[in-house]
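Quick note: residue numbers are just sequence positions, from 1.
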Amino acid sequence: MRIEKFGEEIVLETQLSLSFSEKAGASRTRMATSSLVSFLCLSSPKTKFRPMAALNKSSRTYELKKGQTRLYHKLPSGLKMEVIEQRKEKDERRRRSEKENPPLVFVHGSYHAAWCWAEHWLPFFSSSGFDSYAISLLGQGESDEPLGTVAGTLETHASDIANFIESNLSSSPPPVVIGHSFGGLIVQYYLANISNKQPLVTEATNAYPDISGAVLVCSVPPSGNSGLVLRYLFTKPVAAFKVTLSLAAKRFQTSIPLCRETFFSSAMDDHLVQRYQDLMKESSRMPLFDLKKLNASLPVPKPKENSTNVLVLGAKDDFIVDDEGLKETGRFYDAEPVCIEGVAHDMMLDCSWEEGAEVLLYWLSKPRNLPA
């Protein structure tokens with residue numbers, strides 16, 4: 001496996017592959033009607049967020065695939081953020097020497113981490129000529145865990161991504177940033193602040209680095225999940241109950257049928273659902289956000305300039321983000337959403353993961369979508 005130094009703030013893990021170990025038991029939380037509002041996130045904590053580190057990590061380490069490297073990007077706070085890297089293949093580097101593709105930076109959502117992109121999309125896009133990087137947000141995957149009871153805010157998560165880009169990808173063409181579910185909302189916040197020239201919360205850089213494009217995959221819409229909740233309550237009460245049971249009460253962690261219905265297509269085999277269910281159990285050691293504060297801060301600011309092209313990508317069988325949520329995101333960014341048949345919310349892990357990857361690759365190949 002190729003090993004190289006990756007920026008001044010990155011250290012390479014000495015063991016790239018560890019055996020899986022089961023963590024006994026799964027915590028259960030009481031269900032209440034009010035918990036539905038948190039169906040894409042864990043319930044809102046009472047403790048105030050504090051940014052410094054408690055260096056706890058998952059007891060399960062995702063086993064990397066051929067050509068992948070696990071790195072740890074050191075943030076200005078001293079916390080380290082897991083990054084799974086897969087560079088474009090050597091043959092592709094020679095064949096496409098005339099054209100330098102932008103690197104791709106992937107951002108996961110709740111209950112996931114960098115591994116969800118490493119399964120299929122990192123190998124796919126690296127073989128298509130793109131250096132690819134999947135980030136685990138703080139408190140998720142193998143990233144360090146901050147003090148307090150939540151991992152951060154839209155602002156701090158976006159700032160961490162910006163710091164990674166500024167520190168390690170500044171010599172490349174500006175990257176394309178791809179966000180899934182709540183990761184898509186973080187990318188929207190990034191996009192708004194880069195367009196509106198807002199400074200970062202860290203002292204490492206003065207502004208959000210430019211990006212070549214943004215891709216929102218089954219993303220939470222700009223107004224958040226409140227509208228989704230209300231529509232589910234009034235139009236799909238059974239689905240609303242299942243979503244609450246699955247995500248707010250975390251029953252997806254113990255029920256294969258419910259995990260499948262929440263994230264995947266009905267055709268996915270039990271052994272794959274079990275594999276991803278196990279990884280999800282370990283991926284999120286703390287909520288991504290304080291949900292009350294998040295909802296109070298929404299909608300995300302609308303970019304003042306539409307200089308960055310946005311691809312809005314949805315799944316026809318998405319159990320979490322409905323058709324109206326997809327359309328809301330498209331309207332916000334003046335982009336016609338692309339809704340893919342036969343795939344569910346976890347598009348990058350689903351049986352037909354190639355469908356979404358091919359649509360994204362086609363979009364990346366069009367000169368009008370990315371700056372020269």
Side-chain angles (χ1 to χ4, degrees), residues 4-13 51-53 69-88 100-108 113-114 117 122 125 130-144 146 151-179 183-216 288 300-301 303-305 307-310 364 370-372:
E4 62 180 76
K5 191 173 181 181
F6 183 68
E8 293 301 319
E9 300 294 342
I10 293 286
V11 293
L12 179 64
E13 187 185 53
M52 290 308 290
T69 306
R70 178 175 282 111
L71 311 160
Y72 293 97
H73 171 69
K74 189 175 181 182
L75 296 166
S77 65
L79 296 173
K80 290 187 179 127
M81 191 166 65
E82 178 191 26
V83 181
I84 298 179
E85 168 206 40
Q86 190 159 4
R87 298 292 189 94
K88 58 191 172 187
E100 187 176 5
N101 289 327
L104 307 181
V105 177
F106 295 89
V107 184
H108 64 85
W117 304 106
L122 259 59
F125 286 103
F130 293 86
D131 288 338
S132 301
Y133 307 90
I135 289 171
S136 289
L137 299 168
L138 290 181
Q140 323 298 309
E142 295 299 302
S143 291
D144 287 341
T153 64
L154 281 179
E155 185 178 25
T156 61
H157 288 312
S159 180
D160 291 344
I161 294 165
N163 181 264
F164 168 77
I165 292 171
E166 179 73 17
S167 300
N168 301 289
L169 303 180
S170 58
S171 62
S172 307
V176 174
V177 184
I178 300 109
L185 195 63
I186 295 168
V187 172
Q188 291 178 58
Y189 184 89
Y190 187 112
L191 186 61
N193 284 280
I194 189 175
S195 298
N196 300 338
K197 306 299 181 186
Q198 293 299 311
L200 290 171
V201 296
T202 67
E203 298 178 359
T205 53
N206 295 321
Y208 284 77
D210 288 333
I211 58 175
S212 294
V215 182
L216 307 175
L288 284 179
V300 294
K304 292 178 182 176
E305 304 172 8
S307 56
T308 303
N309 281 336
V310 177
L364 290 168
L370 301 179

**OP:** Indicate yes or no: at least one non-hydrogen side-chain atom of Asn101 is less than 4.5 angstrom from one of Leu364.
**Re:** no
Original post:
Between the side chain of Ser132 and the main-chain N/O of Phe130, is any donor-acceptor distance below 3.5 Å?
Top reply: yes
Subject >> Leu288 vs Leu137 side-chain heavy atoms within contact, under 4.5 Å >> reply: yes
**OP:** Run through His73, Arg70, Glu142, Glu82 and flag the one making a side-chain hydrogen bond (donor to acceptor under 3.5 Å, both in side chains) with Ser136.
**Re:** Glu82
**OP:** Check the pair Val107, Val177 against side-chain contact (heavy atoms from CB on, under 4.5 Å), reporting the backbone distance first and the verdict last.
**Re:** CA-CA 8 Å; Val107 184; Val177 184; 4.1 Å; yes
Original post:
Does Ser143 reach the main-chain N or O of Gly139 with its side chain, forming a donor-acceptor pair under 3.5 Å?
Top reply: no
Original post:
Do Tyr133 and Trp117 touch side chain to side chain, with heavy atoms closer than 4.5 Å?
Top reply: no
**OP:** Answer yes or no: is there a donor N or O on one side and an acceptor on the other, between the side chain of Asn163 and the main chain of Ser159, under 3.5 Å?
**Re:** no
Subject >> Close aromatic pair by centroid cut-off 6.0 Å: Tyr208 and Tyr190 >> reply: yes
Original post:
Could you walk me through whether Leu104 and Ile178 pass the side-chain contact (heavy atoms from CB on, under 4.5 Å) check?
Top reply: CA-CA 7 Å; Leu104 307 181; Ile178 300 109; 4.0 Å; yes
Original post:
Does the Ser172 side chain pair with the main chain of Pro103, one donor and one acceptor, at a distance under 3.5 Å?
Top reply: no
Original post:
Got Leu191 and Val310 here, is their nearest side-chain heavy-atom distance under 4.5 Å?
Top reply: yes
Original post:
Tell me, do Leu185 and Val187 make a side-chain contact under 4.5 Å, heavy atoms counted?
Top reply: no
**OP:** Side-chain contact test, heavy atoms from C-beta onward, threshold under 4.5 Å: evaluate it for Thr153 versus Thr156 and give yes or no.
**Re:** yes
Subject >> Minimum side-chain heavy-atom gap Val83-Asn168 below 4.5 Å >> reply: no
**OP:** Identify the two heavy atoms, one from Ile135 and one from Met81, that lie closest to each other, and give their separation to 0.1 Å.
**Re:** CG2-SD, 3.7 Å
**OP:** Grab the two heavy atoms, one from Pro175 and one from Asp210, that are nearest each other, plus how far apart they are.
**Re:** CD-O, 3.8 Å
Original post:
What's the shortest heavy-atom distance between Pro174 and Pro102, and which atoms?
Top reply: O-CB, 3.3 Å
Original post:
What pairs with Gln140 under side-chain hydrogen bond (donor to acceptor under 3.5 Å, both in side chains), at least two apart in sequence or on another chain?
Top reply: Ser284
Subject >> Side chain to side chain, Ser170 and Ile165, heavy atoms closer than 4.5 Å >> reply: no
Subject >> Non-neighbouring partners of Phe125 that pass ring-ring contact (aromatic ring centres under 6.0 Å, His included), sequence neighbours left out >> reply: Trp121
**OP:** Might you point out which heavy atoms bring Leu79 and Pro146 nearest each other, and give the distance in Å?
**Re:** CD1-CB, 4.2 Å
Original post:
Distance from Lys88 atom NZ to Asp131 atom CG, nearest 0.5 Å?
Top reply: 5.5 Å
Subject >> Gap between atom OG of Ser77 and atom CG of Asp144 - 0.5 Å precision >> reply: 8.0 Å
Original post:
Shortest non-hydrogen contact from Leu138 to Lys80?
Top reply: CD2-O, 4.1 Å
Subject >> Candidate pair Phe106 and Leu122, rule side-chain contact (heavy atoms from CB on, under 4.5 Å), full reasoning >> reply: CA-CA 9 Å; Phe106 295 89; Leu122 259 59; 3.7 Å; yes
**OP:** Measure across His108 and Ala114 and return the closest heavy-atom pair with its distance rounded to 0.1 Å.
**Re:** CD2-N, 4.0 Å
